[in-house]
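Working notes for the structure below.
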Amino acid sequence: MTTLGLDELNPSQRAAVEHLSGPLLILAGAGSGKTRVIAYRMAALLQRGVDADRILAVTFTNKAAGELRSRVEGLVTRFGLLPPLDPSDAMAQVLPRGRGLPQWMGTFHSIGARLLRRMADRAELPSDFVILDDDDQLKLCKELCQREKIDETAMPPRALRSQIDRAKNHGLLPEQYRGRDYFTDLVARLYPLYQAELKRLGAVDFGDLLLLPVVLCDRDPELRQILGRRFVHVLVDEFQDVNPVQYQFLRHLSSGHRNLVVVGDDDQAIYGWRGADVRLILEFEHDWPDVHIVKLEENYRSSQVILDAAHAVVSLNSQRRDKRLYTQRAGGERIICHEAIDERREALYVANTVLLLQNEEGYFPDDCAVIYRTNAQSRVLEEALRACGVPYTIVGGARFYDRAEVKDVLAYLRLCHNPADELALRRIINVPARGIGDKTVTKLEARARLGGIPLWLALHNALDDEELLGSGPRKKLRAFLDLIQGLRQIAATLPVSKLAREILVRTGYLALFDGKDAEDQSRQENVLELVGSIEELERESTAQTAGSVELGSAVGPGAETDDAAPNAAALEAALFAPENEGQKPLSLGEYLTRVALVTGEEIGDSGRGVQLMTAHSAKGLEFKVVLVTGLEQGLFPSLRSTIESEEEKERRIAEERRLCYVAMTRARERLFLTHAQTRRIFGMSPRMSPPSQFLREIPADCLERTLEYDAPSRTTPRRPLRPTHAHDDASDSRAHADFDDLDLVQRAALDGEASLTSGALAQAGAGLSAFRPFRSARKTATLDDGEPRVEYDLDDGAGGLRKGQRVRHPQLGRGRIEGITAWQGTVTVQFESGERRTIKAQFLRPDAEYCEP
DNA sequence: CGGTGGTATTTTTTT
DNA sequence: AATACCACCG
C-alpha cells in the first residue's frame, strides 16, 4: 500500500490528515499548508475505502474549490487511489464515479443550489428556478419600495436589500423577522412582500440558496437523515467566514455522524459584513465538546520579516486565539513602505517597482500582485501599468458577467430556457429596440397582474386583443414572440454556444455594436468572449463526462421522481441523481445555473502579468512579490461615517486589521506597502490622506521607509520633502506627526531620472504629467474665484461641516446646512432663496458672517 | 417611440 | 469620474 506521501507532511499536518473520524478543528495560519491538508485528508479517506460520493467538501469561493479539486485529483492520480465498489450500496453502483473524485466539492452556494434544484418541489419552486443576481435583487427592492410608496430616505432600496440579506444570513424567514423600530418595522413589512415576489417569479436570491435547504432540513427530519447518511464526511475550508445559516447547514449534515472537519484561521476572518461570525470558530468547542484540535503554525510561505510585521498588526486584536506563526526561512528583505504624493504617483511607483524588480532582481510581472482595499483603486493602477508597458490582469473587479451586454445575451438564453423568466423577458423585450416601449410593457404588466398570469402569457393573449393594443404594437409583439419561439425551438437541439450565436444574429443584437468607437468595440468583444467561454465550458464538460458515459445514461430511478410519492428513497434518488442525465454535454439549464454562481472569475486569458485585486479576493493566494496600496486612514482601514457604538467601531477595525494581515501574508519574499499623501475620491478635489494606523503598528525595524522626491529634474537638488518641516503646513504635520517619530530611513526608491527616462516610462506621456514638481500648496488651494474653500477632513464624513452651519454658494447664494448625508462630502442646504438642494461640500464656502473663527 | 443631453448619485469588501 | 436616471424633443 502506498504511504500517501505522508512523510511530505509535518507532524501537525499529519495529525490532521490521520484523524479520520469525529469533529476536528484545524487552526491553520496563513501559508501553513491548509489546502494541502484538506486535499491529503480527502485522499486519505478515499484510500481507506470511503466512497468519493460520501464526501462533501465546502469551500468559500469557486477558485478555492477548483484548487482543491485539482489537488485531490493530483493525489488520486499520483497514488493510484481508485474507489472500491461497495456492493451493499445500491446508489453507489449507479453513481458515475468520474475518476473516483468526490463530486460534491464546491462553494456553499453551489452546493445549496444543487440540492435545492433537486428538491425544488419541497421548496415550492419550479425546478428551473432563476437565481437572481445582485442587480436583479436591487431592482426588485426598488420596485417594491415604489409600489409600496416607501419614502426613499426612510428606506433606500439598498438598505432594504442588505437587511433582507442579513436576515437570510441569520436564518430568518420573512414570518420570523421582527421589527424593533421604525426602520426594522418597515423591513418586517417589506421582506414578506419581497419573498412573495420572488416566488411569483419562480426565483431565488443568493441567500435563499442556503436558507431554503436549511429551512427544509429544519422542518423535515427525514431529509436531514438522508443528507447525513449520504455525506459521511464533511470538510469545510475557511471556516472563519461561515455565517449562521451555513453553520446550521453543516450541523444538519453532521450531527449524526459527527465527522465534521473545519479548517480556518480566526485571524483571517474578513467577511463579517456578510454575516460571518468569528465566534463560530472561536467557540467551536462549545458545540463540539469532543473536538480534536490541531494547530498548524509553521508557515511555508513568507519570510520571517513579513510574518513579524503581519503578526504585529493582527495581534493588536483582542478577540483572537493566541498563536504565532514561525518559519524556518529566517530574516528576509525588509518591507518597503513608500509614501507617494498622490494616487497617480503611487500607481507609477508601483509600475516602476515592478519594472525595477524585473530588471534588477529577476522577478517577473507574473510573480507580483498589487492589492488594494476597494475596486475603485484599480483604475489608476491600470493606467500606470499600461503606460509603463507592464502586463497585468485584474482579478475580480468589474465583473465580466455584470456587464450590460453580457447580461442581455444571458437574458435571451434564460428566456429560451424558461419563457416564464419575467426578469429576463423585461430586460430584452426591447433590446435591441423593436418598438415595444414602456407603454406597451406597462399595459402587459397590468394585464398579467390583473389576471394573475405570467407576463409572457399576457403577451401571448395581447396578440389578439384589439382593445388593449393598437395594430402596430401588436404586430411588433407578434414578431418578437415569433423570434423567441424560433429560438426556443432550436434551443432544444443546439449546443448552448450555437444557440448563443443564433441569438446574436437573429435578434440583431450583435449589429447593435457595429460602430467604430471603443465602446462598441469592447461590447462586441465581450459578447463574443461570452460565446467563447461557453464553447470552452462545452469542451470541458464533454471531456469530463467521457469517462462515465455508460454509467450516467444507465440511470433509471433518479431521473423522474417529480410525481412519485415523496418517500425517502425517491427523495434520496432525486437528490443524488448523477449530474449528466442525457447525452447532451452541457444543457442550457446547467449552464445558466453555473453562470449565476460563477461570479467574478475572469474568463479568457487570465493570470498573465501583474495581478491586481482587492484584499478580499487575494485571500488564499500567494505571490513572491506583493504591493499593498492605499494604506491610508479611512481607506485601509476603511472608516465610515455612520454613527456607531465604540464596540461596533472596534469590531470593524479588528476586521480591517485582519484584512491587512491577509494582504500582507500573501507575500513570499518581498512586500511593499504604499500610501499617498493626498487622494482623489470620485473625482472630487484631492483630500489629505493620513497614513494608515497599520503602518504605525508594524515594528519600525521591519520597515524601510521611502519618500517620493520633490522634483524629478536633475537640476533640482534632491531633497526629501519631509521630515524637514520646511513648510510648516499645519495639516501636513498633524497628519504625519505620529509617523515622523519613527526612526525613518530616508531613501529614494524612485530614483528620479533613471526610472523616469527608462524606456517604458518614456512612452508614458500623459502619465508623466503626474510628475510635476510638488507644491506644498494643498492647504492654500482655492476655488477659481480665489476664495478659500471649505476644508474637509478625512476623519469625519461630513468634512468638518456641521448641521446649521451657514454657507455660501457662488450661484445659489446664502444658505444653511440642513442635513449631512451619510455619503461623504454631500450636504443638504436650505438656501435663503427658498431653494433646497443637495450639493457637494466643495462648492460651498463658509459664510463669513456666521463662520466660526 | 427612441435617442439625446442634462442631472443626480455614488454607502468598501463578494457568493 | 463614471454611471444611472430622467425629461424633452424629433
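First the proteins, then the strands, lettered A, B, ... as listed; each starts at 1.
- Comparing A:Glu655 and A:Val441 against DNA chain B, the residue whose closest nucleotide sits nearer the 5' end is A:Val441.
- Under 4.0 angstrom from either OP1 or OP2 of B:dT14 there lies no side-chain N or O belonging to A:Thr61.
- Comparing atom distances between the A:Phe206 side chain and each of B:dT15, B:dT12, B:dT14 picks out B:dT15 as nearest.
- Dashed line: the shortest gap from a side-chain N or O of A:Asn243 to OP1 or OP2 of B:dT15 is not under 4.0 Å.
- In summary, the aromatic rings of A:His616 and A:Tyr271 are positioned with their centroids under 6.0 Å apart.
- The separation between A:Leu635 atom CG and B:dT13 atom C1' is 12 Å, rounded to whole Å.
- Side-chain proximity of A:Thr107 to B:dG2, B:dT15, B:dT13: nearest is B:dT15.
- Among the nucleotides B:dT13, C:dA1, B:dC1, the one closest to any side-chain atom of A:Lys439 is B:dC1.
- Per the geometry, CZ belonging to A:Arg161 stands 11 Å off C1' belonging to B:dT11, to the nearest Å.
- What separates CZ of A:Arg158 from P of C:dA4 is a distance of 11 Å, to the nearest Å.
- Across all strands, A:Ser162 comes closer than 4.0 Å to no nucleic acid atom at all (heavy-atom distances).
- When the C1' atom of B:dT9 is taken as reference, atom CD1 of A:Ile681 falls 16 Å away, rounded to whole Å.
- Look at the P atom in both C:dA4 and B:dT13: the space between them is 15 Å, to the nearest Å.
- Among the protein residues, A:Phe60 comes within range of the sugar-phosphate backbone only, with heavy atoms under 4.0 Å from sugar or phosphate atoms but none that close to a base.
- Following rounding to the nearest Å, A:Asp165 (CG) and B:dT12 (P) show an atom-to-atom distance of 13 Å.
- One finds no side-chain N or O of A:Asn430 lying less than 4.0 angstrom from the OP1 or OP2 phosphate oxygen of B:dC1.
- In this structure, of B:dC1, B:dT15, B:dT12, it is B:dC1 that holds the atom nearest to the side chain of A:Thr440.
- Atoms CZ (A:Arg652) and C1' (B:dT11) sit 11 Å apart, rounded to a whole Å.
- For a distance-only test at 3.5 Å, the side chain of A:Arg373 qualifies as a donor-acceptor partner of the base of B:dT12.
- We find that the ring of A:Tyr271 and the base of B:dT13 do not stack by the test of centres under 5.5 angstrom and planes tilted less than 30°.
- For A:His616, taking side-chain heavy atoms from C-beta onward, the closest of the listed nucleotides B:dT15, B:dT12, B:dT13 is B:dT13.
- Where stacking is scored as ring centres under 5.5 Å apart with planes under 30°, A:Trp273 registers as stacked on the base of B:dT13.
- Using modelled atom types, one finds no donor on one side chain facing an acceptor on the other under 3.5 Å when comparing A:Arg373 with A:Ser638.
- Using a 4.0 Å cut-off, some side-chain N or O of A:Thr614 falls inside it from OP1 or OP2 of B:dT14.
- Between A:Arg434 atom CZ and B:dG2 atom C1' there is a gap of 14 Å when expressed in whole angstrom units.
- Of all nucleotides listed (B:dT10, B:dT15, C:dA2), C:dA2 comes nearest to the side chain of A:Arg379.
- Using modelled atom types and a 3.5 Å distance limit, the side chains of A:Thr374 and A:Gln377 yield a donor-acceptor pair.
- Counting any heavy atom pair closer than 4.0 Å across all strands shown, A:Gln377 reaches no nucleic acid atom.
- Using a 3.5 Å distance cut-off with no hydrogens or angles, the side chains of A:Gln611 and A:Thr393 do not pair a donor with an acceptor.
- Interface remark: the A:Ser638 side chain does form a donor-acceptor pair with the B:dT12 base, using a distance-only criterion of under 3.5 Å.
- With 3.5 Å as the limit, one finds no donor-acceptor pair spanning the side chains of A:Gln240 and A:Asp267.
- Look at A:Asn62 and you won't find any side-chain N or O under 4.0 angstrom from OP1 or OP2 of B:dT15.
- For A:Arg274, no side-chain nitrogen or oxygen approaches OP1 or OP2 of B:dT14 to under 4.0 Å.
- With DNA chain B read from its 5' end, the first of the two nearest nucleotides for A:Leu659 and A:Asp438 is the one closest to A:Asp438.
- The closest side-chain donor-acceptor pair between A:Lys168 and A:Gln195 falls under 3.5 angstrom.
- Relative to the six-membered ring of A:Phe129, A:Arg117 meets both conditions, a distance below 6.0 Å and an angle of at most 45° to the axis.
- Taking 4.0 angstrom as the limit, A:Lys142 places none of its side-chain polar atoms (N or O) nearer than this to OP1 or OP2 of C:dA4.
- Note: CD1 (A:Ile429) to C1' (B:dC1) measures 14 Å, nearest angstrom.
- Distance from the side chain of A:Ala433 is smallest for B:dG3 among the nucleotides B:dC1, B:dG3, B:dT13.
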